[in-house]
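The structure appears right after this line, and notes come after that.
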Amino acid sequence: MTRTEAVALSELIAVLDAAYPPRLAESWDSVGLVCGDPAESVSRVVFAVDATAAVVDDAIDWGAQALVVHHPLLLRGVDTVSAATPKGALLHRLIRGGCALFTAHTNADSADPGVSDALAQALGLTVTGPLEPKPAAAVDKWVVQVPRAHTEAVLAALFAAGAGGSDHYRECCWQVPGTGRFRPLEGANPTIGEVGSLERVEEDRIEVVAPPSARSAVSAALHAAHPYESPAFHVTERATLPSECGLGRVGELPRPESLREFTARVRAALPSTAWGVRAAGDPDRAIRTVAVCGGAGDSFLGTVSRLGVDAYVTADLRHHPADEHLRAGGPALIDAAHWATEFPWCAQAADIVGKALPAVETRVCSIRTDPWTLGAAD
């Protein structure tokens, strides 16, 4: 298909934020738009793990207006983006070349599907769930009684304040008719009825959800739009629930393999690097259930042991933690290059953008950004 139309950068950002919600990012992380004007047009997008000088040059030479990467260029605090600094020079090159830079890091790690799903797919695993599930986003439920003649006005105010949204839906509510009953006492200023008289009013009970961060706005909107001086309402917060989002993935192979065979599978599935692929454990051990974590995953050694999987695939494993893990009878370990375990995500992200924005041309950068350039083994 020939792609000649362009979209606004803001549309590309919306697609990426929907696939890899920023709320899933760890608190220490830095994700989202690094440079670029959301109003500018985008017709070509490049995907890579790292924004190195070679990757930036490749994107600009191809005529891309956006470069989407996994690793943040500016993760640590900075006080300059001078072109005299390595990272500042890359930003200047991107801006002069009309190419935006966008990062999806730990939010892409925890998304469903995300980085570890792409790794699991590359290895031929059937995913059964996350290694460390993230709780579903907190949400409030607002229940309001309102005179039927004012229902639509109150709902409009609540929606405008941020209520009534869930995933890809907006202006959602539950509405049932009923009868409100009250007796205004001395000092009241009733909108309907008289002081001292029992009043019955046709009302609607409306229920909407809203993020806890919108409580002040929703409360203000409710009181401003509701005709009563003391609206009847209550708010409850949903209990924390597990979700399919989270770091790492657990999956199963189609059939059992020896650790020796499975290590060869991993090596064949991932791009070649000087680091290669190494395994720890009995080469003849049977492998069927596998945990994976794209990138550095030694913090989950205890988790995979508790889950009782047969093997764990990740990167950046260190000598002493790996040794202690095996001494304790933990799963076999397969250690690959950090970049290689995250590279499959690039194709996943490109596919998501391509399907959502068919006018945009996407390409995965083939440049190896793994920092290790030489390897030697006996």
Side-chain angles (χ1 to χ4, degrees), residues 1-25 31-52 54-73 93-95 97-122 124 126-127 165-172 244-245 249 269 271 294 342-367 369:
M1 178 179 64
T2 301
R3 301 173 179 177
T4 57
E5 299 179 13
V7 302
L9 175 60
S10 59
E11 295 179 67
L12 172 64
I13 293 172
V15 170
L16 291 168
D17 281 350
Y20 310 116
R23 65 176 176 79
L24 294 179
V31 301
L33 188 64
V34 180
C35 68
D37 183 348
E40 290 292 326
S41 296
V42 173
S43 59
R44 286 185 166 186
V45 184
V46 172
F47 296 82
V49 176
D50 302 282
T52 64
V55 169
V56 168
D57 288 343
D58 178 70
I60 293 174
D61 291 345
W62 186 59
Q65 295 85 31
L67 170 60
V68 178
V69 297
H70 181 51
H71 290 150
L73 181 65
R93 174 88 170 99
L94 286 163
I95 293 169
C99 185
L101 177 62
F102 185 93
T103 301
H105 191 211
T106 53
N107 51 327
D109 288 329
S110 286
D112 177 29
V115 172
S116 291
D117 291 285
L119 174 58
Q121 182 179 16
T126 299
V127 171
S166 177
D167 296 325
H168 300 294
Y169 294 86
R170 293 295 178 268
E171 299 184 24
C172 309
E244 293 304 306
C245 296
R249 290 295 183 269
E342 295 175 331
F343 182 72
W345 167 80
C346 297
Q348 177 198 92
D351 184 61
I352 289 172
V353 170
K355 288 179 179 177
L357 303 172
V360 173
E361 190 172 359
T362 62
R363 183 167 72 87
V364 173
C365 181
S366 60
I367 296 173
T369 58

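In this chain, residues are counted from 1 in sequence order.
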Which atom pair, heavy atoms only, marks the closest approach of [X] to [Y]?
X: Gly294; Y: Ser116; answer: N-OG, 3.2 Å
X: Ala25; Y: Thr106; answer: CA-OG1, 3.4 Å
X: Leu357; Y: Leu12; answer: CD1-CA, 3.8 Å
X: Val127; Y: Arg249; answer: CG1-CD, 3.8 Å
X: Gly36; Y: Ala100; answer: CA-CB, 3.9 Å
X: Cys99; Y: Cys35; answer: O-SG, 4.1 Å

Surrounding CD of Gln348 (heavy atoms of other residues, nucleotides or ligands, distance under 6.0 Å), is the total greater than 12?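 It does: Gln348 CD has more than 12 such atoms within range.
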
Out of curiosity, [X] [atom1] to [Y] [atom2], how far, rounded to the nearest 0.5 Å?
X: Thr103; Y: Leu33; atom1: OG1; atom2: CG; answer: 9.0 Å
X: Phe47; Y: Phe343; atom1: CZ; atom2: CZ; answer: 12.5 Å
X: Ile352; Y: Leu16; atom1: CD1; atom2: CG; answer: 8.5 Å
X: Arg93; Y: Ile60; atom1: CZ; atom2: CD1; answer: 4.0 Å

Looking at [X] and [Y], would you say the former's side chain and the latter's main chain have a donor-acceptor pair under 3.5 Å?
X: His70; Y: Ala104; answer: yes
X: Glu40; Y: Leu9; answer: no
X: Asp50; Y: Thr52; answer: no
X: Glu361; Y: Arg44; answer: no

Please list all pairs meeting salt bridge (Lys or Arg N to Asp or Glu O under 4.0 Å) that have one or both residues in residues 343-356, counting only residues at least two apart or in different chains.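 Qualifying pairs, neighbours excluded: Asp351-Lys355.
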
Name all residues meeting the salt bridge (charged side-chain N to carboxylate O under 4.0 Å, His left out) criterion together with Asp109; count only those two or more places apart in sequence or in a different chain, and write none if there are none.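 Checked Asp109 against salt bridge (charged side-chain N to carboxylate O under 4.0 Å, His left out); zero matches.
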
Do [X] and [Y] come close enough that some side-chain heavy atom pair is under 4.5 Å?
X: Leu67; Y: Trp62; result: no
X: His71; Y: Glu342; result: yes
X: Asp58; Y: Arg363; result: yes

Option passing side chain to side chain contact (heavy atoms under 4.5 Å, CB included) with Trp345 (candidates Val49, Val115, Val364):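 Output: one option passes, namely Val115.
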
